[in-house]
Amino acid sequence: MPTQPLGWIGSRKLLRQLRDLMKAGGSGQDRLDRVVRLIADDMVAEVCSIYIMRAGEVLELFATWGLKPEAVHRTRLRVGEGIVGDVASSGQPLTLSDAQSHPNFAYRPETGEEAFQSMMGVPVLRDGRVLGVLAVQNKSRRGYTEDEVEALETVAMVLAELVGASGLIGEEEERVTDTMASLPARLAAVSLNEGLGMGYAVPHERGIVIRQIVAEDSGSEIERLERSLGEMLGAIDDLLRRSELRGLGEHLEVLETYRMFAEDRGWLERIREAIRGGLTAEAAVQKVQIDTRQRMSKVKDPYIRERYADLEDLGNRLLHHLLGAEGSAEAADLPDDVVLVARNLGPAELLDYDLSRLRAVVLGEGSPTSHVAIVARALGVPVVGRCPDLLTRVRPGDFTVVDGDNGQVLLRPRLGVRASFADAIQDRAQRRAAFAAARDLPAVTRDGQPIVLLANAGLLVDMQQLEESGAEGVGLYRTEVPFMVRDAFPDVTSQTEVYAKALALAKGRPVTFRTLDIGGDKALPYWAGTPDENPVMGWRAIRIGLDRPAMLRQQLRALIRAAAGAELRVMFPMIAEVAELDRARDLVDRELARHAAAGGHLPSEVKLGVMLEVPALVWQLPALFGRVDFVSVGSNDLFQFLFASDRGNPRLARRYDVLSPPALNFLRNLSVQADAAGVPLSLCGEMAGHPLDALALVGCGFRILSMPPAGIGPVKTTIRGLDLVPLAGFVERLSQLPSRSVREQLRTYALDHGIPI
């Protein structure tokens, strides 16, 4: 009569047996042979097999109990091939009651596995890499329980240490792999913070080696956990008091939120439960990290995935305290020029590094709203993310160039390429110095036409750049960004504090607040919206605000309170028809009346406008202009709607150009009508921050441009070098051409007329 299948509680016995086996000595192969038999006995399985990853992403059968012995070192599967290859490819466990009916089943006659029906496989993971696959099989149809899957994953943790340290893969093969990786390479990425940086790759999470998996005494392990947790919290508090982070800024709020994560009861209880199951404190932390990483890999919401980076950071930090190890950031052998490389980072991990040496950060994951990107932006560190090939291609010490402007990473570039980027970095520094010198000069064309240059902002830290950039105000304050770095919808008081700080930091300059533009690709973790087939054209922005008026009214209430005695400028996004504007204006009027009735101090003036993103609104301009104080073109969405071209689709990325005759005609006609109606017209999309695009906009009649703070200096330099009258005539002629793009003609015009671009 067989014993009961192994569950999480029963795995303690197996873990002790594995610990004793690993201590017993012998070759790595000999220990693997004994491990598979031990696991098969305890899992009540007829087969247990271990596949190990070889060079070229090939999985080789290294040990088995139950399959034919002659298949060992003979059976190989590519990653993605067969059920074992599927587990390795996804990095996720897989259970099948009828494995042979699975579409990915790959029959290998030398194994004799046709006699077995059910199968469970789990990846063998170490430092986020798949080292192999551990699989069990049964002749009868069997449904494996979640406890059994979790138990086998725990066993795989022990195997990961054995595989990683046993020398099962020869040094010659490793050298061949390193040689293949030593050629120059260009990796595509997404810019999370603009800038250029280069130096030597320093992989994050170095130096964490867990040598003991199984606990001798669970009670003492929990005591170690609590003691190390207290030390970690004290160290985080010290980190928050660092001088580089003093002053106002959204990054401080991010770090305070991070501090709260460290005391999350659910996270800590999962660690304690793993300790009670027989693991040491450090192995329990690692197990919870692996479990969470696997769960998060299935989550599509970018915000929720980024919050996992904070827990990963805390887990690594807690491991260092448990092991008494120094973090990689404090190692004495760091190069003078560091390019930090990681799958992901929490916000405090970045601050562990010597910022005087840190030149750039490259992440395998990441997003512009991730906590680490927000902190890096405050520190002026270039960051790129969503570089999936990063961790398999980069090696410690590789010379690396990070191009945060164009979203690319150059690994091991040739000397000529290094020299070119070194010149670009030096030129960038010189131009920054020139822009700083021109900061207080007016943005006026050579023939005397003033152009108003405003900054786009979404965080309080962006407001601090108004002074150094020379911006005349904020043309677009994205109010949704603070909502996206919180774990709950902020109440009126919290919103009021943020808006009041933004106005205070503006020091009397105008600030245009765009109401919440959520939905589409801007998901909130606490917002249970319904998925749209086409999110960018779906239920988002003002559509949500009008359908959920209580939410919009709370935001308007906070804005009115924050602007007491000052001018309040509010802009509504994604307006498609004038009727939507009328409904939004009505909510503003009701909130103003409510505030006055309560004896509140009203703004000195309230100006309302719309962001023109939907082309349908252009055919309602007379009615629109009679109801608004200003209009701002959101070129990012407007042109993707105008060309029916998804700007997130790489196949369409360069198919259409905003500097094309139809786009210029659209903008010129809009400018003419706004000018005739006496309504100020601005543009606050990406094109405003590029000198050549800004040149075209001024030629189309735009006199107000809003852009990222870093773009103001270059655009101001361009404006001060042009004559408006001949430029306007040239742009009009370009708009009549049948060309796909007039970008090169405009560039030639600038060079011929000595206009700096």
Side-chain angles (χ1 to χ4, degrees), residues 127-128 185-206 239 242 244-245 249-251 254-255 258 302 305-310 312-314 316-317 327-331 334-413 421 424-425 428 459 461 485 708 710:
D127 296 331
R186 177 192 174 278
L187 307 181
V190 172
S191 176
L192 307 187
N193 190 38
E194 292 184 351
L196 297 175
M198 60 185 188
Y200 297 92
V202 174
H204 187 59
E205 300 177 3
R206 297 183 306 164
L239 192 66
R242 281 177 56 169
E244 301 100 304
L245 302 172
E250 195 76 23
H251 57 290
V254 164
L255 291 170
Y258 169 86
R305 286 173 63 90
E306 292 303 336
R307 299 295 72 76
Y308 159 67
D310 292 350
E312 184 89 343
D313 178 354
L314 288 165
N316 293 333
R317 195 168 292 272
S328 62
E330 300 171 358
L334 285 181
D336 290 336
D337 299 307
V338 172
V339 173
L340 185 58
V341 174
R343 184 181 67 258
N344 217 329
L345 284 172
E349 284 179 304
L350 184 68
L351 301 175
D352 283 337
Y353 287 81
D354 182 350
L355 298 178
S356 67
R357 300 183 181 191
L358 187 60
R359 303 293 175 249
V361 176
V362 187
L363 301 176
E365 300 176 4
S367 78
T369 58
S370 65
H371 284 175
V372 69
I374 291 169
V375 174
R377 201 170 297 132
L379 298 171
V381 177
V383 184
V384 297
R386 299 183 194 174
C387 189
D389 296 332
L390 172 69
L391 297 178
T392 58
R393 303 289 295 277
V394 70
R395 294 291 184 270
D398 279 348
F399 193 86
T400 306
V401 174
V402 178
D403 183 355
D405 296 337
N406 299 299
Q408 62 177 342
V409 180
L410 304 180
L411 296 179
R412 305 171 290 274
F421 273 93
I425 291 173
R428 193 185 187 95
L459 295 165
V461 68
V485 297

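Given the structure is predicted, the values throughout are model-derived calculations rather than measurements. All residue numbers refer to positions in the sequence shown, counting from 1.
A heavy-atom distance below 4.5 Å is not found between the side chains of V341 and H204. When side chains are defined from C-beta on, V361 counts as touching L350, because their heavy atoms get closer than 4.5 Å. Between T400 and L410, every side-chain heavy-atom pair lies at or beyond the 4.5 Å cut-off. Side-chain contact check for F421 versus M198: some heavy-atom pair is nearer than 4.5 Å. Contact annotation: the side chain of Y200 never approaches that of D336 to less than 4.5 Å [non-hydrogen atoms, C-beta and beyond]. You'll find the side chain of V202 reaches within 4.5 Å of the side chain of P335, heavy atoms only. Counting heavy atoms from C-beta on, the side chains of V409 and R186 never come closer than 4.5 Å.
Once rounded to the nearest 0.5 Å, the distance linking CG of L340 with CZ of R359 reads 13.0 Å.
In terms of modelled atom types and a separation under 3.5 Å, the side chain of N344 and the main chain of E365 share no donor-acceptor contact. Panel note: side chain R357, backbone L334; a donor-acceptor pair is recorded below 3.5 Å. With hydrogens and angles disregarded, no donor-acceptor distance shorter than 3.5 Å links the side chain of S356 to the backbone of D354. Distance alone, capped at 3.5 Å, places no donor-acceptor pair between the N406 side chain and the Q408 backbone. At least one donor-acceptor pair closer than 3.5 Å links the side chain of N193 to the backbone N or O of V381.
Here the closest heavy-atom approach between residue P382 and residue G197 is recorded as CG-N, 4.4 Å. Of all non-hydrogen atoms in A201 and R395, the two that sit nearest each other are CB-O, 3.8 Å. Shortest non-hydrogen contact noted between V394 and R412 is CA-NH1, 4.4 Å. Considering all non-hydrogen atoms of both residues, L390 and L187 come closest at CA-CD1, 4.0 Å. Residues A189 and V384 share a closest heavy-atom pair of CB-CB, 3.8 Å. For G404 against L196, the heavy-atom pair with the smallest separation is N-CD2, 4.5 Å.
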> What do the steps show when you test R343 against L363 for side chain to side chain contact (heavy atoms under 4.5 Å, CB included), and what is the final call?
Replying inline: CA-CA 5 Å; R343 184 181 67 258; L363 301 176; over 6 Å; no
